[in-house]
Number of protein chains: 4
Amino acid sequence: MAIRLGHNDYGKSRVRLLRVSRHADHHEIRELAIQILFEGDFDTAHTRGDNRKILPTDTMKNTVYALARQYPLESSEEFGLHLIDHFLTYNPQTSSVSVSISEELWSRISYGGKPHATAFLRSGQEKRTADLRGTREGTSVRAGLADLVLLKTTKSAFEGFLRDPYTTLKEDRNRILATSVRASWLYGREEVEFNTVWQGARQLLLETFAEHDSQSLQQTLYAMGEAVLENFEAIREIRLSLPNKHFNLADLKPFGLENPAEVFVPTEEPHGLIEATIVRD
Amino acid sequence: MAIRLGHNDYGKSRVRLLRVSRHADHHEIRELAIQILFEGDFDTAHTRGDNRKILPTDTMKNTVYALARQYPLESSEEFGLHLIDHFLTYNPQTSSVSVSISEELWSRISYGGKPHATAFLRSGQEKRTADLRGTREGTSVRAGLADLVLLKTTKSAFEGFLRDPYTTLKEDRNRILATSVRASWLYGREEVEFNTVWQGARQLLLETFAEHDSQSLQQTLYAMGEAVLENFEAIREIRLSLPNKHFNLADLKPFGLENPAEVFVPTEEPHGLIEATIVRD
Amino acid sequence: MAIRLGHNDYGKSRVRLLRVSRHADHHEIRELAIQILFEGDFDTAHTRGDNRKILPTDTMKNTVYALARQYPLESSEEFGLHLIDHFLTYNPQTSSVSVSISEELWSRISYGGKPHATAFLRSGQEKRTADLRGTREGTSVRAGLADLVLLKTTKSAFEGFLRDPYTTLKEDRNRILATSVRASWLYGREEVEFNTVWQGARQLLLETFAEHDSQSLQQTLYAMGEAVLENFEAIREIRLSLPNKHFNLADLKPFGLENPAEVFVPTEEPHGLIEATIVRD
Amino acid sequence: MAIRLGHNDYGKSRVRLLRVSRHADHHEIRELAIQILFEGDFDTAHTRGDNRKILPTDTMKNTVYALARQYPLESSEEFGLHLIDHFLTYNPQTSSVSVSISEELWSRISYGGKPHATAFLRSGQEKRTADLRGTREGTSVRAGLADLVLLKTTKSAFEGFLRDPYTTLKEDRNRILATSVRASWLYGREEVEFNTVWQGARQLLLETFAEHDSQSLQQTLYAMGEAVLENFEAIREIRLSLPNKHFNLADLKPFGLENPAEVFVPTEEPHGLIEATIVRD
């Protein structure tokens, strides 16, 4: 009955980077937090303390900054591809390199009604994400977003559900629907207009959420994913993870008041969680 | 040498509320987290366990929901005034009532290029704040904002500073300037167009930050506060608390690369902190 | 080119529970946060808004509280087994039920040198975890812990590693080694003395970390996992995820001071990350 | 109607430090996060961008590390006194210097039943705090703690309280009492056995919470503060801020089950908040 090393990886997390592009009449910025993970032939490092195949995680960090200087950083996805290409090329001991990027979103300060050329404000807690994994056979690219918080005040019902002896939930024809979207979609190829598709997919997620006549968060999730797949041929599948953030109707009866869906209690926990992948066959 | 009760207060924190206003062709929402604190004659509660003058904090919570149903909730400041008026009227045992409100900001989802009537997205981590304190003599109203994260890529220097034997900082004519604005301003009277002034003050803070030719964050802070006071007569003083969020230039020399202010390392800690109140005499 | 539903699940997260057991001479408490996820035949809910097979997540929450009343809650693992058994029995539409439990740890307040019978303090940010997944074929049980922060001031080196042109890290024979342990181990059967084994495995992780003569965090991770597998036959594999929390030696040379490994700068980001599964063949 | 600078300060926050003391047979560690704030003659920095009296916050950070090398760091309070003494001595432009220190608590890993000499685990989220403010006239020292989470399962009632039309709370003779203690006490002099008194005051807070027959959190707060003042003559006043962390009895009646104070729902928000200063006359 032997003990042995199974699946393993190592790398660097939270390598943070602000890239400024200084054009004549305006500046552009991009702020990223990057994680790099290597898989490969690292058995003797674990079992014998032999570090000869271990590139320090500090070097991974340095590489991020050095490559950020040498490439224009048009998109997280392209920067991830450069990083993976670099690491696979110079590190024969690796079998795969994964890069995960979380981008903080900045928009321009409005100045006299126009976007300012060199001053920015953080757009919110929403993140743009990219998750790439490269091997000698090729690289998969997933793009997405996280922490996009949405809410609608109509067109959301939840009725006709299964009941058991522990079911006390009432049917609801007009509930608040709120969620924090986590989405990631897999591209079918490496050549994509990453920024254009990301903007388009995000907008479809927003518009579908807004207009869908929801019978459940499951149905709305499916509609959101379907809309993205129908409009972007480059996307092979999309994964959505949607917490159901409950806004409970405040009970005002003890005070002799009706509450016609006007006063709600936002809650953080517990919350529902609906997750699905929608795929193109 | 007697031991006695000194300053004390009690109340309820994190009373969360979503208020929906359902108009014929669109809905409006406002999401608040409210804290209520009573000061008053509570000595025997502390020293003898006599609760006869203690209105339960659960009742404060109920009151928030009941009043939210009965008032239109045009602004946090007005709702805070209603709460204080209610509590002071019905609670002779109180000498002062404080209400602090933190508002989550929602904007409308853009649908076909237009704002959607009933669907919203969270604008960010920025909060609109209101802090009121009422006594039988009157009520002070402070409005403000928190967690408004700003960054500019030019017009920021820090030179000519004091040096001592532990000073290693280099003079910098072109640093990144970034902060997370916490501002609160005191109104000189209770009758104010709260929403209009808040929007205007916030916009002045943004525009001054963007355009100021900064010799230090102190100087930019003062310019921001001065701009608000000069433009809004209703405001008597403004307090600004500005962390200096450092973005360090990445050192690429070891790799034979120059770094002409393009690649920076964002950091969370340590950070500078600049705080001041600007007052109208 | 059809679009269809792929892998999906749904359920309830952050169902929080405090269970008090009132014995004659002392009380016991256990505080859990529970997540329940169903997989099964939910296609028409997604594609047609048909909720007839959807047990509300609110019911999952109610079930937690009802079962917590009916079972003694000796351990998270046993409570998870009860929940899975209940849900699989009464929900033929499910193919699998997953239960993840995160336990807050409380210890007794020391009173006059002895553990108090009815008063407790939170032991820390460390969580005890349990992750179970049941199907009609059987249930797998993983136990573990998270956020267990460790640090040692000696017996930690990192030398002889791979270098490339972006490598600037110096060899280090005496660095601070610090991590936040996330561990989970898979049991080979359902009948285990869960509390005893959990305490024993945790203690082995601590002792191995403390005494290991570390050539790298990889080697220490392996030693920690190996110790657990060697001592607990009931455990089939153990997964460890160890961030390398860097404590950088403060550079005091500019001030004419040596720093013989006494003054360090703790950092949160970036951090290394070492992950591996150690398995019994 | 002139605009002018009012109260202002500036400094550095989150200066993090690990200090290792290497003795022959064991090591000691202390981990601090330090904030330094200067008040003084900084008007022209704000109004004219004149930095000649501005010691960079980067220098404050350097000073922390340089002084941490030169002093043994027996306690946060003593280190704070050294920092204040240094800054006041070399910075005539300052009128006051404030130092706030938050200490992460580490305990030794138990190894073979004994405390390990060089390996540690984080004790929890509890922090030891110190807040000092020095002027040319003298320095005040406050010590304390934060995030000490306590819970008791008996000896807690809340009855006989004030009722108004919005009161729905039921009287409770046997509720869960839970809080997260934030305490800070002011010393009457600078010469104190800081570590001994801190340990003693903390233990009194714990024991009083555990044994007090509570009629309200107000009464328990007062008893906790009184116990500290009665036992430590060096302490002039103590401030306590105690959130009332509500654990609601789960309503199991819909399922035909009684709930004799066994199953509770822990909640984070809303929460009560009780604050008071207890003083020695």
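Chain letters run A, B, ... following the sequence lines, proteins first, then strands; residues in each count from 1. Computed from a predicted structure; not experimentally measured.
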With a 4.5 angstrom heavy-atom cut-off, could you sort out which part of D:Q35 is near chain B: side chain, backbone, both or neither? side chain
Of all of D:H46, D:Q215, D:Q219, D:E268, which one pairs up most often with chain B through heavy atoms under 4.5 Å apart? D:H46
Please classify the contact of D:Y90 with chain B as side chain, backbone, both or neither, using a heavy-atom distance under 4.5 Å. neither
Is it the backbone or the side chain of D:L37 that comes under 4.5 Å from a heavy atom of chain B, or both, or neither? side chain
Between chain D and each of B:G6, B:A223, B:P165, count heavy-atom pairs under 4.5 Å; write down the option with the most. B:G6
Please flag which part of B:I238 lies under 4.5 Å from any non-hydrogen atom of chain D: side chain, backbone, both or neither. neither
Is there a side-chain contact between B:Q218 and D:N8 in this structure, where contact means two heavy atoms from C-beta onward sitting under 4.5 Å apart? no
Report the option among D:G49, D:G272, D:S13 that has the most heavy-atom pairs separated by less than 4.5 Å from atoms of chain B. D:S13
Nearest 0.5 Å please: distance from the CD atom of D:E269 over to the NZ atom of B:K61. 12.0 Å
Is any side-chain heavy atom of D:H246 closer than 4.5 Å to one of B:D58? no
Choice from D:P56, D:P243, D:G225, D:S216 maximising heavy atom contacts with chain B below 4.5 Å: D:P56
Can you tell me how far CG of D:D43 sits from OH of B:Y222, rounded to the nearest 0.5 angstrom? 8.5 Å
In terms of heavy-atom pairs under 4.5 Å, which option from D:L242, D:D213, D:I274 contacts chain B the most? D:I274
Within a radius of less than 6.0 Å around CZ of D:R182, do more than 12 heavy atoms belonging to other residues, nucleotides or ligands occur? no
Reported OG1-to-CE distance for the pair D:T167 and B:M60, which is rounded to 0.5 angstrom: 10.0 Å
Approximate separation, where rounding is to 0.5 Å, of D:L5 CG and B:E226 CD: 10.5 Å
Heavy-atom distance under 4.5 Å to chain D: side chain of B:T57, backbone, both or neither? side chain
Taking all heavy atoms of B:I3 and all of D:E230, pick out the closest pair and write down the distance. CD1-CG, 3.6 Å
Neighbour count above 12 (heavy atom, 6.0 Å) for B:R239 CZ: no
Nearest 0.5 Å, what's the OH-CG distance between B:Y166 and D:L55? 12.0 Å
Spatial distance of atom CG (B:L273) from atom CD1 (D:I36) [nearest 0.5 Å]: 12.0 Å
Could you tell me which of D:T47, D:V279, D:N62 has the largest number of non-hydrogen atom pairs under 4.5 Å with chain B? D:V279
Heavy-atom contact with chain B under 4.5 Å, split by part of D:H212: neither
Side chains of B:I54 and D:F158, heavy atoms from C-beta outward: is any pair under 4.5 Å? yes
Counting heavy-atom pairs closer than 4.5 Å to chain D, which one of B:R48, B:H271, B:R16 comes out on top? B:H271
Among D:T63, D:T277, D:L221, D:N91, residue most engaged with chain B (heavy-atom pairs, under 4.5 Å): D:T277
Look only at the side chain of D:N51 and the backbone of B:G160, and say whether a donor-acceptor pair between them is shorter than 3.5 Å. no
Measure B:E237 against the heavy atoms of chain D and call it side chain, backbone, both or neither at under 4.5 Å. neither
